[in-house]
Amino acid sequence: MAKGLPKDYASVMGRSNDIMKEALGLDYSEFESGSIAFDYDALMESTGYTLDEINRIQSRTGVGNTPLLELRNITALSRKYAKPGYGARIFVKDEAANASGSFKDRRAACAVAHAKKLGYKGVIAATSGNYGAAVASQAAMQGLECVICQECFDSRGVGQPEIIEKARKCEALGAEVVQLTVGPELFYSFLSILEDKGYFNASLYSPFGIAGIDTLGYEIAMQCREKLGKDPDMVVCTNAGGGMVTGTARGLLKAGADKTTVVAASIDLTGLHMASDVAFNKKSCTTGHTGFGVPYATDPDHSDVPRSAARPLRYMDRYVTVTQGEVMYMTEMLANLEGLERGPAGNTSLAAAFSLAQELPEDAILVVTETEYTGAGKHVQPQLTFARENGVEVRFGNPREEKPGESVVLPADPGLFKYVEADVNHFRKSLIKKACKGHDLANISDSDLEYLAKETKTNVDFVKETIAALQA
Amino acid sequence: MAKKGEWVRIHSVVLKAEERTAKLPEDTQKCDLEMWTKGFLQEDAEIGDEVTVMTAANRLEKGTLIEVNPYWSHSYGKFVPELVQIDKQLREIMFGGDK
């Protein structure tokens, strides 16, 4: 990188496109149509890695082929609240068994191996989640330098225990962790370091990262066929940035499991502003929530790459929400009834699965796509302690009474677990509206209409009706 | 006195509140964007001095020296009485006879 360039905010942000191009070894302009559409399939194929090759990369680095565990006691408990003959068998992919303890290793393995292959000296990622440890772990294996940029503290210097633990883990794996206070300008610090160091941008949203998750869906289909002789009826994915939904569904389709219902699940944090200094520490779960899930689903391209490879509305059939209280209770349930002590955020999809299973017949197969590691800070007890210390009420009751930022309501009884169905069509319309912004609504081309139908897993008529409503 | 070569934590202000032009909620707009990192101290210094460190990623970074030999103090939290109630409830429902 050229030395002596001005490093003030406006200058660095102004060079964003050039910095990104250098840092991904990928020119996104090749995939653009010039109007609304871009060639998503070509972007995904640009990785040049087949599923077999990704599987080989992951096998070499302690990633993938995680156990598919049947949760027999949780299934039995769920059936107590279902009508006779109902209550699907619940299975979980124990993704905590990956090298750094979460499914994020799948994303990092492919991205970091690619950085190594292209000759980059180091990798960088902007993340406050498990992805940091995943990148740090893979970088350690490949002998690359690693910087992780975290949004970590509020203006009092108080950090979320969950995020602090993730920082500790990154450091333990040899990475530098740059911690910042709340705000989207983290991207400026990230870009500035990226430019100085000439690293590879191991973005969560690059095609390398997303292609790495395809193996998760593929393994689920294969393990179900081997163990149970059939494809899963339903797969439930925790949804934040949309990567898990996208990759898992792609993997299922690659395995030919095209009848499986893909359900996205997020913790409902409606009302808490994600860039608010005060609201930052009113959260009792820092990922897997609607604060990421909804904006990334309806506007995937506001991430740290020009076009995000994570496009969950292309793949999800349903979107449901659960509460922080349900997720915390579920984490206790997994430990006490199944002997698996795992991190809370990873149990978002399991909390949804508990009530979703009750609507499926007993012989149906429901797979929850992840668990994550647990540790100090990243655990029910410190997260609830932190809630209380920040003025959030923790109590038993009906989870539907929970007010994000004010209360965490633990179900008074397991029968009170009940997911809330979100209106996917509303999100689909929102995506179409955002994608069409700045374009002449009266003259949307046929190819753009088809693109938007694919973007929303709908059809051209749905897109046309949505656009007509926008014009009215 | 912190010695050259010691592992330290530094702090800096990336953007002053008035320099923040991104779309931000009101409360965040009033705050500086602050940054922390760690590294090997490049020269002897006192807490509060402006120093340079060499980070784990071999990056030279400047900031105010705030901590020498920094360590993590996050924990498993305090006792949360609700958790043992959940455990008891689950065991009773599952193993203590039918609901």
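Computed from a predicted structure; not experimentally measured. Letters A, B, ... are given to chains in the order of the sequence lines, protein chains preceding strands, and every chain is numbered from 1.
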Are side-chain heavy atoms of Phe95(B) and Leu337(A) found at a separation under 4.5 Å? yes

Is atom NZ of Lys434(A) surrounded by more than 12 heavy atoms (other residues, nucleotides or ligands) closer than 6.0 Å? yes

Contacting region of Tyr188(A) [heavy-atom separation from chain B under 4.5 Å]: side chain

Please classify the contact of Val178(A) with chain B as side chain, backbone, both or neither, using a heavy-atom distance under 4.5 Å. both

Could you have a look at Ala275(A), Ser155(A), Ser276(A) and say which one has the most heavy-atom pairs with chain B under 4.5 angstrom? Ser276(A)

Tell me, for Ser189(A) versus chain B, whether the close heavy atoms (under 4.5 Å) come from the side chain, the backbone, both or neither. side chain

Pick one of side chain, backbone, both or neither for Ala175(A), based on which atoms fall under 4.5 Å of a heavy atom in chain B. backbone

At a 4.5 Å cut-off on heavy atoms, which part of Glu145(A) comes close to chain B: side chain, backbone, both, or neither? side chain

Leading residue by heavy atom contact count with chain B [cutoff under 4.5 Å; candidates Leu384(A), Val394(A), Ile193(A)]: Ile193(A)

Nearest non-hydrogen partners of Gly183(A) and Leu24(B), listed with the distance: CA-CD2, 4.4 Å

Per-residue contact mode, Gln150(A) against chain B (heavy atom under 4.5 angstrom): neither

So, does Gln89(B) use its side chain to make a donor-acceptor pair with the main chain of Ala412(A) at under 3.5 Å? yes

Do you know which of Glu332(A), Lys121(A), Met13(A), Glu389(A) has the most heavy-atom pairs with chain B at a distance under 4.5 angstrom? Glu332(A)

Beyond-backbone contact of Val14(B) with Tyr9(A), side-chain heavy atoms, under 4.5 angstrom: no

Below 4.5 Å, heavy-atom pairs only: which of Val182(A), Ile124(A), Leu180(A) has the largest tally toward chain B? Leu180(A)

Gap between atom CD1 of Ile86(B) and atom CG of Leu410(A) - 0.5 Å precision: 4.5 Å

Sort Glu171(A) into side chain, backbone, both or neither according to what part of it lies under 4.5 angstrom from a heavy atom of chain B. side chain

Atom group of Leu83(B) that falls short of 4.5 Å from chain A, counting heavy atoms: both

Can you tell me how far CG of Leu90(B) sits from CG of Asn336(A), rounded to the nearest 0.5 angstrom? 6.0 Å

Tell me, do Val80(B) and Arg388(A) make a side-chain contact under 4.5 Å, heavy atoms counted? yes

Side-chain contact, heavy-atom cut-off 4.5 Å: Arg59(B) with Asp196(A)? no

If you round to the nearest 0.5 Å, how far is NZ of Lys197(A) from CG of Asn58(B)? 5.5 Å

In terms of heavy-atom pairs under 4.5 Å with chain B, which of Pro184(A), Gly377(A), Gly375(A) leads? Gly375(A)

What part of Phe153(A) is in contact with chain B, defined as an atom under 4.5 angstrom from a non-hydrogen atom: side chain, backbone, both or neither? side chain

Hey, which of Pro414(A), Gly122(A), Ala279(A), Ala335(A) has the most heavy atom pairs under 4.5 Å with chain B? Pro414(A)

Determine which residues belonging to residues 60-74 of chain B lie within contact range of chain A, meaning some heavy atom pair is under 4.5 Å apart, and list them by number or answer 'none'. Trp72(B), His74(B)

Hey, is CD on Glu18(B) packed in by over 12 heavy atoms from elsewhere, all under 6.0 Å? yes

Close side-chain approach of Gln179(A) and His11(B), heavy atoms under 4.5 Å: no

Just to be sure I understand the criterion: a residue of residues 27-42 of chain B counts if one of its heavy atoms is under 4.5 Å from a heavy atom of chain A. Which ones qualify? Asp27(B), Thr28(B), Cys31(B), Asp32(B), Leu33(B), Glu34(B), Met35(B), Trp36(B), Thr37(B), Lys38(B)

Scored by heavy-atom pairs under 4.5 Å with chain A, the best of Ser12(B), Gly77(B), Ala56(B), Pro81(B) is Gly77(B)

Please flag which part of Leu77(A) lies under 4.5 Å from any non-hydrogen atom of chain B: side chain, backbone, both or neither. both

Salt bridge or not between Glu82(B) and Arg395(A)? Use side-chain N to carboxylate O under 4.0 Å. no

